[in-house]
Amino acid sequence: VLYTPLVKPCQSQNELDKYFFFVIYKGMEFSEKLRTERESKGMSREALAKIAGVHWRSIYHYEAGISTPNIKTLSRIAEALDLHPAKFFL
């Protein structure tokens with residue numbers, strides 16, 4: 001059993017991934033928060049993608065709200081931005 005920061009039991013990683021993306025931070029969605037954090041660090045999508053080990057189009061899709069990263073990718077993106085992954089949601 002996996003647990004979210006809110007101690008909600010989740011039966012699978014997929015369920016945990018989905019739960020994280022329903023959480024909104026001060027009315028700002030994950031896609032907006034990601035773009036804001038990336039731009040505040042002065043990073044291009046390409047630079048963030050290279051550091052996080054994903055394709056730049058993935059970053060574009062995350063910022064556009066077309067798709068969402070899984071937990072492992074989210075962790076790598078947060079690390080590349082020098083953030084704790086929870087920063088996107090709390």
Practice item. Working to the nearest 0.5 Å, report the span between CZ of Arg38 and CG of Leu81. Key: 9.0 Å

Practice item. Would you give the length of the straight line joining atom CD of Glu46 to atom NE2 of His55, rounded to the nearest 0.5 angstrom? Key: 9.5 Å

**Study point:** Minimum-distance pair of heavy atoms, taken over all atoms of Gly65 and Ser31
**Key:** N-CB, 3.9 Å

Any side-chain heavy-atom pair of [X] and [Y] under 4.5 Å:
X	Y	value
Lys72	Ser75	no
Arg76	Ile51	no
Tyr62	Leu74	no
Leu48	Leu34	yes
Ile66	Tyr60	yes

Using modelled atom types and a 3.5 Å cut-off, is there a donor and acceptor pairing between side-chain atoms of [X] and backbone atoms of [Y]?
X	Y	value
Thr73	Pro69	no
Arg45	Ile59	no
Ser58	Val54	no
Arg35	Glu63	yes

Check your understanding: In terms of heavy-atom contacts, does CD of Glu79 have more than 12 from other residues, nucleotides or ligands at under 6.0 Å?
Key -> no

Review point. Should Lys33 and Glu29 count as an ion pair when the cut-off is N to O under 4.0 Å?
Key: no

